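Have a look at the structure below before the remarks.
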Amino acid sequence: MSFPEPADLSDLSVAPASAETVSRKETPESVLADLNSSQREAAQTTEGPVLVVAGPGSGKTRMLMHRIAYLLATQRARPWEILALTFTNKAAREMRSRIDRLAGPAARDLWMGTFHSIFARVLRMEGERIGYGRDFSIYDTDDSERVLRQLMQRADIDAKQYAPRSIRNMLSGAKNRMKSPEEYARSAFGPFQQVAAQLYGLYEEALRTANAMDFDDLLLKPIALFNQHPDALEKYRARWKYLHIDEYQDTNHAQYKLVNLLAGGHKNICVVGDDAQSIYAFRGADIANILSFRRDYPKAVTVRLEQNYRSTGNILRLAESIIGHNRDRIEKNLWTENGEGEPVSLIEAESEREEAQKIEREIRSARAAFGYGYEYFAVFYRTNAQSRSIEDALRQGGVPYRVVGGLSFYQRKEVKDMLAYLRLLINPGDLASLRRVINYPARGIGARTFEWLAAFAEDRQCTVWEAIEQAALAGLPPQGERAVVAFREMMRQHMRQVEAGAPVEDVARSLTEATGLARQLQQDGTPEESLARWQNVQELIGAIAEYAADNPEERTLSTFLQEMALRTDLDDMDDEARVTLMTLHASKGLEFPVAFVTGLEEGLFPISMAMQEQDAVEEERRLFYVGATRAAKQLYLSWARSRFRFGSSSPSVRSRFLDEIDGGVVRAPGGSPIAQRKGRFQADPEETFDIPKNSSYDQMAPHYYRRNLAAPARKANGRTVVYEEGEGAIAPGRCVDHPKFGQGEVLSVEGHGEQMRAVIAFQEAGRKKIMLKYAQLRLVEQ
DNA sequence: AGCATTGCACTTTTT
DNA sequence: GTGCAATGCT
């Protein structure tokens, strides 16, 4: 993706619209010609706030493109006066291709992209005003976790007890809510939050010294910039006279703030969204942003896009029956002129393997029957781990596929290593990257040597790289010093090359040799693995070369690295004839003729963590809604009676969602109507379940409890499977049998539900602390 | 310091 | 099953 940067924004904002801005072929009328009346209204209301409430498949992205085109064609706006914020890079690219045709070369000044990439770009230009170097590193989740892990080690916090991943999520939440470390510390409740509070300040400090920003910073720092420097805000307000925000229901608080700051003056803001498709609350998205838009902008014009162009009547009816179970929503009347189409199919399977095989067979037969290409099919799942069984079945059936997400290209170890080296070249203060590569491949700078350098840096209040530059003063043992000096010289040499303006791909290629990465990769793992890794590194270098060719301006490397950090492999989706596999979250905004929504089982979809809270279940339901509405012609739902999870297979219960949906449009295999049990999971437990009063069930996590009740305790060799029997069954004094450790006596029990652990003294294996969720304990009858 | 081996915790979704 | 972190050996 290329982001040419006009040298001086203030000049551009007063530049007159020039003749070549708008292509002669497009007139305001021709732009509006292929829109329906609602879409046209939204596109033509160019002044003042506009709220577009759009159902799935209503052509909202199309409407947005036309709106921008209309602004240009009527000469109301010049390209640089328009800002379009999208949810994915892919959406931005699709819009851009249309605008490019319309505005020609001038379209390069029209800023269009995700919040993160747009504001990374703003920070590149303005970050120095708030103390960030232009070549700042962008830390992804993985980098942030590493930083936290380091901090925890130094602060003597047990990373096992307080998972860095959860801490990171908590801090991210705090940052999104714009809570300072001090404020957070004041309101921290319970040990987990206190640990997070303790780390918050240190984490922020670590990132700042490293001249690094995490994903949240990319939104927060611009807010800080605008608050501290009103002239900067004025400059951007004056420049962007028309704001467009897609998927507004998924904006978080920081994004909301940014939008309001920028729209504050002219209020020419058009937001588009569907509250029913809000699925990112877990990362701070606040559905209230869209629900209260009219309160924020009382003069807002509301337009509803309710006609669905994508799906058949049956699919739409199913979708409405899903979302109808949610309380909090804006009522919409979706309709379509498309025919009823085929009924929705339900696939029931014994195991996840069989589920996958049935999907594979459906794909092959639909392909043969209707002449669909493989690219017509998509398989959605709730968790990335589910892709494996589907992949296996497709591979066996010879069906080509692609997996979107999961471990993407830029997250592979060898790619991240290479990126870390490159980041260091332009941002030597980047401690996380330095740590990552200083001794990989091994070059004799071990933990002790690193500690030495870190202590020296601490002492001198400088970065570790600066300590390395003065290695001779640090008093290192000669061996360590030699290694550090060699590393320093190697890096310096490449830094000089970058500064001298050498082609970045050449620098990168030279780095693979000089660092020993090439050699290391060639000897690691099996020949195939090592070849694949080496090819990934080559592919990265190829990407750099390509980027450099497209973007001949200065600072190519730093811009490339920043953009890479924000890239997802959804952006790289091609149109090759392959079946697409992805999570339901990743499917948002996409469309396929045939879609499979798989794993409709309690605890998986809805996911167990969500089952405890009504709000979370509603979000799961919206996720189901999003998945179902991706399908244009044919929708399949599937579930398996048993599923292999956490290293063992366990029985599963079909999802409540299957009981909620409109059974009239769904057909089981063979064409029979599906069996449903309405109200199976409703709140009043006495009706549906037989629960002993005052039992330990009262305190159980709902997921656990439902699973237990729905799948009655299994008997295995005449003995009860403890986890499934429930919390009360395992108590101090009881004897249990563990598949690996053999028999033992329970000494103590702690935690509840999923978190429940027990200390057990095994006869042979000794004393162990075991998580009941994973251990398949059985009670020994005495 | 660097390697191999074992053990252990762990799977929600992501810009 | 997987991936990483601690452990122990060279």
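In the text below, chain A, chain B and the rest are named by the order of the sequence lines, each starting its count at 1. In this text, all values refer to a predicted model and were calculated from it rather than measured experimentally.
Phosphate contact (OP1/OP2 of B/dT15, side-chain N/O of A/Asn176, threshold under 4.0 Å): absent. An OP1 or OP2 oxygen of B/dT13 is reached within less than 4.0 angstrom by no side-chain nitrogen or oxygen of A/Asn169. The phosphate of B/dT13 (OP1 or OP2) has a side-chain N or O of A/Asn384 nearer than 4.0 angstrom. Dashed line: the shortest gap from a side-chain N or O of A/Thr583 to OP1 or OP2 of B/dT14 is under 4.0 Å.
Two residues, A/Gly444 and A/Glu620, neighbour DNA chain B, and the one matched to the more 5' nucleotide by heavy-atom proximity is A/Gly444. Judged by closest nucleotide on DNA chain B, A/Gly446 is the one of A/Gly446 and A/His585 placed further toward the 5' end.
The side-chain hydrogen bond (donor to acceptor under 3.5 Å, both in side chains) check on A/Asn289 picks up A/Thr251, with sequence neighbours excluded. For the ring-ring contact (aromatic ring centres under 6.0 Å, His included) test, residues two or more places apart in sequence or in another chain that qualify with A/Phe87 are A/Tyr280. Remark: A/Lys60 pairs with A/Asp246, A/Glu247 by the salt bridge (Lys or Arg N to Asp or Glu O under 4.0 Å) rule, at least two apart or across chains. For A/Ser137, the side-chain hydrogen bond (donor to acceptor under 3.5 Å, both in side chains) partners are A/Asn427, A/Asp430, not counting sequence neighbours. Every ring-ring contact (aromatic ring centres under 6.0 Å, His included) that A/Phe560 has, sequence neighbours left out, goes to A/Tyr547.
Closest to the A/Thr449 side chain, of the nucleotides B/dT13, B/dA1, C/dT2, is B/dA1. Residue A/His116 places its side chain closer to B/dT15 than to any other of B/dG2, B/dT12, B/dT15. In this structure, of B/dT15, B/dT12, B/dG2, it is B/dT12 that holds the atom nearest to the side chain of A/Arg382. With distances taken from any side-chain atom of A/Ala442 to the nucleotides B/dG2, B/dT14, B/dT12, the minimum falls on B/dG2. With distances taken from any side-chain atom of A/Asn439 to the nucleotides B/dG2, B/dT12, B/dT15, the minimum falls on B/dG2. Closest approach to the A/Arg168 side chain among B/dT12, C/dT2, B/dT15 is made by B/dT15 (side chain taken as heavy atoms from C-beta onward).
If you take CD1 of A/Ile118 and C1' of B/dT15, they are 14 Å apart, rounded to a whole angstrom. A straight line from OH of A/Tyr440 to P of B/dA1 spans 19 Å, rounded to a whole angstrom. Following rounding to the nearest Å, A/Glu391 (CD) and C/dT2 (P) show an atom-to-atom distance of 13 Å. Between the OH atom of A/Tyr280 and the P atom of B/dT12 there is a distance of 16 Å, rounded to whole Å. Between A/Asp216 atom CG and B/dT15 atom C1' there is a gap of 9 Å when expressed in whole angstrom units. When rounded to the nearest whole Å, the span between CZ of A/Phe215 and C1' of B/dT15 equals 6 Å. Atom CG of A/Leu604 is separated from atom C1' of B/dT13 by 12 Å (rounded to the nearest Å). In this structure, CD of A/Glu145 is placed 15 Å from P of C/dG3, rounded to the nearest angstrom.
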Ring pair (Phe, Tyr, Trp, His ring centres under 6.0 Å) between A/Phe624 and A/Phe605, worked out: CA-CA 8 Å; A/Phe624 185 25; A/Phe605 194 23; 5.8 Å; yes

Steps toward salt bridge (charged side-chain N to carboxylate O under 4.0 Å, His left out) verdict (A/Glu602, A/Arg656): CA-CA 7 Å; A/Glu602 288 290 298; A/Arg656 65 189 67 193; 2.8 Å; yes

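Taking the 5.5 Å centre cut-off and the 30° plane limit, the aromatic side chain of A/Phe282 is not classed as stacked on B/dT14.
Distance check on atom C1': C/dC4 versus B/dT13 gives 23 Å, rounded to whole Å.
Between the side chains of A/Arg435 and A/Gln150, at least one donor-acceptor pair of N or O atoms lies under 3.5 Å.
Checked options A/Arg423, A/Arg149, A/Arg168; the residue passing with A/Asp143 is A/Arg423 (criterion: salt bridge (charged side-chain N to carboxylate O under 4.0 Å, His left out)).
Note on A/Ala447: only backbone sugar-phosphate atoms sit closer than 4.0 angstrom, heavy atoms only; bases stay farther off. Residue contacts for A/Ala385: at a heavy-atom cut-off of 4.0 Å it reaches a base atom on one of the strands shown. No engagement by A/Leu566 is indicated, since no non-hydrogen atom pair under 4.0 Å with the nucleic acid exists.
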Just the table, please: protein N/O against nucleotides 4-6 of chain C N/O, every pair under 3.5 Å.
residue	atom	partner	partner atom	Å
C/dA5	OP1	A/Arg149	NE	3.4
C/dA5	OP1	A/Arg149	NH1	3.2

